[in-house]
Amino acid sequence: MNICVFLSAADLDERYTRPAREFAELLGKAGHTLVWGGSDSGLMKVVADGVQEAGGRLLGVSVEFLANKARPGADEMIIAADLAERKKLLLEKADAVVIMVGGTGTLDEATEILELKKHGRTDKPVVLLNTAGFYDGLREQFRRMEAEGFLPRPLAELVFFADEPAGALAYLEEQLAGH
């Protein structure tokens, strides 16, 4: 299974890196492929290292202005012209999406996949890995959107919230077993 992970390229605290690495090791041990932004820095590096060391494949999609930060030694590396093309390629290559902790870029990627799901343009499973309660506020906002009629589909059809890496991967494997 090709699992796209949207996440930060920043250097982060252990409370974020430890669960990210745990998820990466689970993904690699299960023989899955990591589809990610291709960066060899910060949390992106932590996840790529974990997947590769556990025997998984790495499929990166970097972007021209960040190509100097692309990870050497990935199984496959695509360089997109711009961020929009990168996002499109990441989603095309993925069977499922996991949203990990990140900043505005991660949030942009997350809302794009949810918008595609909302309009029935994709049925790929999406998990929001809520490490250390990072996305509690966003979950609350989504619930309000649902309660007040802003979402044409139930929130549960758009995204699954997982608090732990094992729960995130189990959900994806269960969803994709039915396809």
Should [X] and [Y] count as side-chain neighbours, where that means a heavy-atom distance under 4.5 Å?
| X | Y | answer |
| --- | --- | --- |
| Leu91 | Glu109 | no |
| Val101 | Leu7 | no |
| Leu66 | Ser39 | no |
| Ser62 | Met77 | yes |
| Phe23 | Val47 | no |
| Thr33 | Ile3 | no |
| Lys117 | Val126 | yes |

Regarding [X] and [Y], does a basic nitrogen lie under 4.0 Å from an acidic carboxylate oxygen?
| X | Y | value |
| --- | --- | --- |
| Glu146 | Arg143 | no |
| Asp49 | Arg71 | yes |
| Lys88 | Glu92 | yes |
| Arg21 | Glu53 | yes |
| Asp11 | Lys45 | no |

Rounded to the nearest 0.5 Å, how far apart are [atom1] of [X] and [atom2] of [Y]?
| X | Y | atom1 | atom2 | answer |
| --- | --- | --- | --- | --- |
| Asn68 | Asp40 | CG | CG | 11.5 Å |
| Ser8 | Leu43 | OG | CG | 6.0 Å |
| Asp13 | Arg18 | CG | CZ | 10.5 Å |
| Gln52 | Glu25 | CD | CD | 13.0 Å |
| Leu151 | Glu157 | CG | CD | 10.5 Å |

[X], [atom1]: over 12 other non-hydrogen atoms inside 6.0 angstrom:
| X | atom1 | value |
| --- | --- | --- |
| Lys124 | NZ | yes |
| Glu164 | CD | no |
| Lys69 | NZ | no |

Do [X] and [Y] land in one hydrophobic cluster if side-chain heavy atoms of ILVMFWY residues count as linked below 4.5 Å?
| X | Y | answer |
| --- | --- | --- |
| Leu116 | Phe150 | yes |
| Ile99 | Leu83 | no |
| Leu138 | Leu155 | yes |
| Leu26 | Leu128 | yes |

Nearest heavy atoms of [X] and [Y], plus distance in Å:
| X | Y | result |
| --- | --- | --- |
| Ala96 | Leu172 | CB-CD2, 3.7 Å |
| Pro165 | Pro19 | CG-O, 3.3 Å |
| Leu34 | Leu27 | N-CD2, 3.9 Å |
| Glu173 | Ala30 | OE2-CB, 3.7 Å |
| Val127 | Tyr171 | CG2-CD2, 3.3 Å |
| Leu114 | Leu158 | CD2-O, 3.4 Å |

Is [X] reaching over with its side chain to a backbone N or O of [Y], donor-acceptor style, under 3.5 angstrom?
| X | Y | value |
| --- | --- | --- |
| Asp75 | Leu58 | yes |
| Lys118 | Arg153 | no |
| Asp95 | Asn2 | yes |
| Arg86 | Ala80 | no |

message: Tell me which pairs pass ring-ring contact (aromatic ring centres under 6.0 Å, His included) where either residue lies in residues 27-68, with sequence neighbours left out.
response: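 Non-adjacent pairs meeting ring-ring contact (aromatic ring centres under 6.0 Å, His included): zero.
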
task: May I have the step-by-step check of side-chain contact (heavy atoms from CB on, under 4.5 Å) for Phe6 and Val97, ending in yes or no?
output: CA-CA 8 Å; Phe6 291 133; Val97 174; 3.6 Å; yes

message: Please evaluate residues Met100 and Thr106 with respect to the criterion side-chain contact (heavy atoms from CB on, under 4.5 Å), reporting the C-alpha separation (whole Å), side-chain torsions for both, the decisive distance (0.1 Å), and the verdict.
response: CA-CA 8 Å; Met100 289 189 177; Thr106 303; over 6 Å; no

query: When the aromatic ring centroids of Phe134 and Tyr16 are compared, is their separation below 6.0 Å?
result: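 Close enough - the centres of the two rings lie under 6.0 Å apart.
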
- prompt: Where do Lys87 and Glu112 land on the salt bridge (charged side-chain N to carboxylate O under 4.0 Å, His left out) test, with the steps shown first?
  reply: CA-CA 9 Å; Lys87 240 185 333 191; Glu112 175 139 342; 2.7 Å; yes

message: Assess the residue pair Ile113 and Thr122 against the criterion (side-chain contact (heavy atoms from CB on, under 4.5 Å)); give the C-alpha distance rounded to whole Å, side-chain angles, the decisive distance to 0.1 Å, and a yes or no.
response: CA-CA 8 Å; Ile113 184 74; Thr122 184; 3.8 Å; yes

task: Walk me through it: do Arg139 and Val159 pass the test side-chain contact (heavy atoms from CB on, under 4.5 Å)?
output: CA-CA 10 Å; Arg139 176 165 34 190; Val159 63; over 6 Å; no

